[in-house]
Amino acid sequence: MTDNLGKIVVLASGRGTNLQALIDASKENYFNGYISLVISDNPRAYALERARLAGIPTVVLDYASFPSKKEYEKKLLAVLQEENPDLICLAGYMRILGKEIIKSFPHKIMNIHPSLLPAFPGLEAQKQAVEYGVKVSGCTVHFVDEGMDTGPIILQECCPVEDYDTPESLAERILQHEHRIYKEAVKLFLEGRLEVKGRKVLRKR
Ligand code: GRF
């Protein structure tokens with residue numbers, strides 16, 4: 001039954017509101033795919049609970065229980081290869097993926113970041129934006145490469161930064177946009193409408 005549906009694996013470390021947006025989108029048939037597995041490096045991630053509530057299988061690879069990053073990545077790669085998804089979505093996944101994994105799934109791994117990249121990569125992007133004093137920020141969905149938030153950009157959406165915003169109030173505003181563009185990027189991908197040419201992601205009509 002799921003044969004012609006795109007198979008998606010989501011990696012999440014935390015509360016998982018982006019995961020939830022993808023779960024909801026898949027239930028509504030917003031895109032032609034389903035989430036086959038949710039993987040977390042954090043056994044306490046609420047994302048795992050969201051997956052369970054939606055009946056999606058989960059795998060916990062508790063980072064703290066591995067002797068080294070290398071061993072953790074080896075296991076993660078094995079799980080991903082076994083699952084063989086069409087698309088891997090990072091949704092609040094708080095680790096940098098190793099080269100081996102990225103090479104094994106070229107242009108098949110997406111991430112969502114809460115700023116208009118290349119501004120404010122890395123941690124606490126919303127705090128960086130507030131402290132810098134920008135008047136506009138937003139979010140970016142991009143393919144993952146070996147850098148930190150540097151891969152080819154798929155979609156971006158902007159929103160205002162208000163004078164009295166805190167990192168938290170800005171994060172909340174940006175999140176509404178994240179939930180919209182992540183599912184849209186997944187839809188475009190599963191429709192085969194994204195073409196990567198160097199740094200650019202072109203949208204086929
Ligand atoms: C989001 O702001 C996402 O852009 C960033 O981490 C946060 C995760 O939030 N990468 P959630 O776990 O999806 O609620």
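Counting convention: from 1, in listed order, for ligands and their atoms alike. One-based numbering along the sequence shown.
When atom types are taken as modelled, the side chain of Thr140 and the backbone of Gln156 share no donor-acceptor pair closer than 3.5 angstrom. For the pair Glu73 (side chain) and Gly98 (backbone), a donor-acceptor distance under 3.5 Å is present. At least one donor-acceptor pair closer than 3.5 Å links the side chain of Ser68 to the backbone N or O of Glu71. Looking at Arg173, its side chain does come within 3.5 Å of a backbone N or O of Pro160 through a donor-acceptor pair.
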Exercise answer, ligand 1 polar atom pairs (N/O) under 3.5 angstrom:
residue  : atom   : partner : partner atom : Å
ligand 1 : 2 (O)  : Glu178  : OE1          : 3.3
ligand 1 : 2 (O)  : Glu178  : OE2          : 3.0
ligand 1 : 4 (O)  : Ile112  : O            : 3.3
ligand 1 : 4 (O)  : Glu178  : OE1          : 2.7
ligand 1 : 4 (O)  : Glu178  : OE2          : 3.3
ligand 1 : 9 (O)  : Arg15   : NH2          : 3.2
ligand 1 : 10 (N) : Ile112  : O            : 3.0
ligand 1 : 12 (O) : Gly16   : N            : 2.9
ligand 1 : 13 (O) : Thr17   : N            : 3.3
ligand 1 : 13 (O) : Asn18   : N            : 2.9
ligand 1 : 13 (O) : Asn18   : ND2          : 3.0
ligand 1 : 14 (O) : Arg15   : NE           : 2.6
ligand 1 : 14 (O) : Arg15   : NH2          : 3.4
ligand 1 : 14 (O) : Thr17   : N            : 2.8
ligand 1 : 14 (O) : Thr17   : OG1          : 2.6

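Classification of the Tyr72-Tyr63 ring pair by plane angle, with boundaries at 30° and 60°, yields perpendicular.
No side-chain donor-acceptor contact under 3.5 Å links Ser13 and Asn42.
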